[in-house]
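Notes follow once the structure below has been shown.
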2 protein chains.
Amino acid sequence: MTTAQRLPARTRLLQTADRVLFDRGIRATPVDELLREADVSAATLYTHFGSKDALVAEALRVRLADWRAVWDQHVVAAADDTARLLAVFDAMAVYRSDQHHPARWCAFLAAATELPETADEIDDALAADTALLAERLLHLSRPLAGERAQDLADEVLLAYGGTLAAFLRGSPRSPIEAGRRLAHSAVRAHRRA
Amino acid sequence: MTTAQRLPARTRLLQTADRVLFDRGIRATPVDELLREADVSAATLYTHFGSKDALVAEALRVRLADWRAVWDQHVVAAADDTARLLAVFDAMAVYRSDQHHPARWCAFLAAATELPETADEIDDALAADTALLAERLLHLSRPLAGERAQDLADEVLLAYGGTLAAFLRGSPRSPIEAGRRLAHSAVRAHRRA
DNA sequence: ACTGTTTCAGAACGATCGTTCTGGTGTAAC
DNA sequence: GTTACACCAGAACGATCGTTCTGAAACAGT
């Protein structure tokens with residue numbers, strides 16, 4: 001058991017937080033459980049992050065960066081404007097199936113629900129997620145809907161959020177397929193107009 | 001201050017629970033705060049409900065019944081098949097603007113997020129909400145999409161859930177309008193097919 | 001070998017919260 | 001007037017949890 005291959009405690013904590021907090025619930029997971037799973041002492045956590053909330057906020061920032069990268073790949077790989085806009089659903093499928101990023105549904109919406117009126121850091125992370133989605137979807141909607149791009153972007157954002165809510169609800173069975181179809185019909189509606 | 005006009009403690013508790021729990025957060029609201037706002041003693045709460053979770057479950061059941069009634073009214077008042085399917089968005093607008101039913105977003109999805117692995121009663125309430133939505137939307141989709149009614153119902157359910165998630169996210173600004181447009185384009189897509 | 005840094009295990013503290021207990025008041029039926 | 005029931009105020013208990021403290025081990029750079 002050499003220490004050579006061992007990742008630093010901070011990294012282990014972040015990975016464990018991402019894996020456990022957003023899958024079992026943020027408030028439902030006590031700090032002690034994180035410490036046990038990450039094999040880290042309490043003192044180390046609090047020297048690195050200062051509080052559980054700050055760890056949550058940092059885990060959200062990392063998650064957003066990862067998600068953004070996955071989404072990027074699927075946008076650049078898409079063939080045409082429609083595929084680029086709908087790439088968000090393909091990215092979601094890949095991101096969710098990735099064993100390194102389990103989650104009951106959306107980590108950001110879960111944080112907003114579980115932790116109302118807490119650290120500003122967490123609100124900021126949620127705002128950053130929403131801003132990324134809104135800006136990108138608007139940008140990707142422009143070539144398809146022109147002046148009506150904002151409406152189309154709003155609709156695709158709703159289809160995205162509805163897909164996430166469907167995971168929480170457990171219905172329908174294939175949320176991503178339904179979400180993609182929904183967004184697709186929104187695109188067709190705007191192209192005709 | 002005669003006692004004549006005073007509602008029974010059980011009713012006051014349920015009304016307060018509906019108003020406070022789902023607006024400020026279920027876990028974020030301590031029992032003591034409910035007791036203070038309902039002007040009820042702790043002993044009374046526990047003789048009537050047995051636990052906070054049971055009170056939450058009962059409040060969810062009442063909320064579902066109220067929501068179902070409002071939705072009903074809008075379905076029967078609708079002019080044609082399309083309006084009947086989209087009536088769920090009009091009902092949402094009315095239900096949300098009703099001062100007696102404030103909420104940060106959806107009480108059922110919030111309960112599922114805030115209280116994972118708790119009382120079965122609460123899971124049952126969420127399941128009942130999803131079942132009501134799924135069955136009704138499927139029924140209302142039949143005259144519009146025939147054999148593809150399930151797909152259309154899934155899509156409208158996603159648009160509905162996305163609208164709720166948009167309230168939590170704060171974006172877009174007018175979620176119900178966007179949700180309605182989204183569902184409308186789904187209907188048109190299925191009518192053409 | 002010395003020093004600074006990182007990390008550890010584990011106990012302890014303090015606050016919050018759900019729940020129960022004690023003892024009692026007010027009201028309505030008979 | 002007594003019995004029964006609904007309700008009250010407030011203290012108290014027990015459990016959980018975030019956080020801090022104590023004291024020490026492992027390791028890196030010089």
Side-chain angles (χ1 to χ4, degrees), chain A residues 1-17 20-60 110-111 113-122, chain B residues 1-17 20-60 110-111 113-122:
Chain A
M1 230 49 86
T2 79
T3 62
Q5 277 87 351
R6 208 147 182 249
L7 293 168
R10 191 189 140 90
T11 308
R12 268 177 290 146
L13 266 174
L14 280 173
Q15 288 179 351
T16 305
V20 175
L21 284 180
F22 305 137
D23 192 43
R24 305 185 202 166
I26 301 171
R27 298 198 85 136
T29 305
V31 172
D32 297 28
E33 194 175 325
L34 288 179
L35 299 176
R36 211 179 322 114
E37 295 226 17
D39 201 26
V40 157
S41 81
T44 303
L45 187 157
Y46 285 95
T47 56
H48 276 302
F49 298 98
S51 72
K52 183 187 177 184
D53 278 0
L55 170 60
V56 171
E58 183 64 20
L60 286 172
T113 303
E114 291 192 60
L115 312 168
E117 302 179 20
T118 42
D120 290 340
E121 282 185 291
I122 292 176
Chain B
M1 237 41 93
T2 79
T3 61
Q5 277 88 348
R6 208 144 183 254
L7 293 167
R10 191 188 139 92
T11 307
R12 267 177 291 147
L13 266 175
L14 280 173
Q15 289 179 350
T16 305
V20 176
L21 284 180
F22 306 137
D23 192 42
R24 305 186 203 165
I26 302 171
R27 299 198 86 137
T29 304
V31 172
D32 297 27
E33 194 174 325
L34 288 179
L35 298 176
R36 212 178 323 113
E37 295 225 17
D39 200 29
V40 157
S41 81
T44 304
L45 188 158
Y46 285 94
T47 56
H48 275 302
F49 298 99
S51 73
K52 183 187 179 183
D53 278 0
L55 170 60
V56 172
E58 183 63 19
L60 286 172
T113 303
E114 293 192 58
L115 311 168
E117 301 179 18
T118 42
D120 291 339
E121 281 185 291
I122 293 176

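So that the names make sense, note that chain A is the first sequence line, chain B the second, and so on, each numbered from 1.
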**Prompt:** For Asp32(B), what residues pass the side chain to side chain contact (heavy atoms under 4.5 Å, CB included) criterion, not counting sequence neighbours?
**Reply:** none
**Asked** Taking CG from Leu34(B) and P from dC8(D), how many angstroms apart are they, rounded to a whole number?
**Response** 14 Å
**Request:** Kindly give the heavy-atom pair with the smallest separation between Leu35(A) and Ser41(A), and that separation in Å.
**Result:** CD2-O, 3.8 Å
**Message:** Looking at every heavy atom in both Val56(A) and Phe22(A), which two are closest together, and how far apart are they?
**Reply:** O-CZ, 4.5 Å
**Bend angle of the helix from dT3(C)-dA28(D) to dC30(C)-dG1(D), from helix axes over five pairs at each end, nearest 10°** = 0°
**Fill in**
Sorted by chain and number, sequence neighbours left out, side chain to side chain contact (heavy atoms under 4.5 Å, CB included) with Thr47(A) holds for none
**Asked** Does Ala9(A) have any side chain to side chain contact (heavy atoms under 4.5 Å, CB included) partners at least two apart in sequence or in another chain, and if so, which?
**Response** Arg12(A), Val40(A), Thr44(A)
Grab the N/O contacts between the protein and nucleotides 4-7 of chain C below 3.5 Å, and write none if there aren't any.
{"from": "dT7(C)", "atom 1": "OP1", "to": "Ala9(A)", "atom 2": "N", "distance (Å)": "3.3"}
{"from": "dT7(C)", "atom 1": "OP2", "to": "His48(A)", "atom 2": "NE2", "distance (Å)": "2.7"}

**Asked** Nearest-Å distance, CG (Leu35(A)) to P (dA9(C))?
**Response** 10 Å
**Partners passing side chain to side chain contact (heavy atoms under 4.5 Å, CB included) against Arg27(A) (at least two apart in sequence or in another chain)** = Glu114(A), Leu115(A), Arg27(B)
**Request:** Taking all non-hydrogen atoms of both residues into account, name the closest pair between Thr16(B) and Ala38(B) and its distance.
**Result:** OG1-CB, 3.3 Å
**Message:** Can you measure Leu45(A) atom CG to dA9(C) atom C1' for me and round it to whole angstrom units?
**Reply:** 15 Å
**Item:** All salt bridge (charged side-chain N to carboxylate O under 4.0 Å, His left out) counterparts of Arg10(B), not counting sequence neighbours
**Value:** Glu58(B)
**Message:** Whole angstroms only, please: what is the CZ-P distance between Arg36(B) and dG18(C)?
**Reply:** 12 Å
**Prompt:** Is the shortest heavy-atom distance from the side chain of Leu34(B) to the side chain of Leu55(B) under 4.5 Å?
**Reply:** yes
**Complete:** Whole-Å distance, Phe49(B) CZ to dT19(C) P, equals 13 Å
**Item:** dT20(C) OP1/OP2 closer than 4.0 Å to side-chain N/O of Tyr46(B)
**Value:** no
**Prompt:** Can you list every pair that meets salt bridge (charged side-chain N to carboxylate O under 4.0 Å, His left out) and has a residue in residues 36-51 of chain A, with sequence neighbours left out?
**Reply:** Arg6(A)-Asp39(A), Arg19(A)-Glu37(A), Arg24(A)-Glu37(A)
**Prompt:** Would a distance-only check, ignoring hydrogens and angles, find a side-chain to backbone donor-acceptor pair under 3.5 Å from Lys52(A) to Ile26(A)?
**Reply:** yes
Close N or O pairs between protein and nucleotides 13-17 of chain D (under 3.5 Å):
none

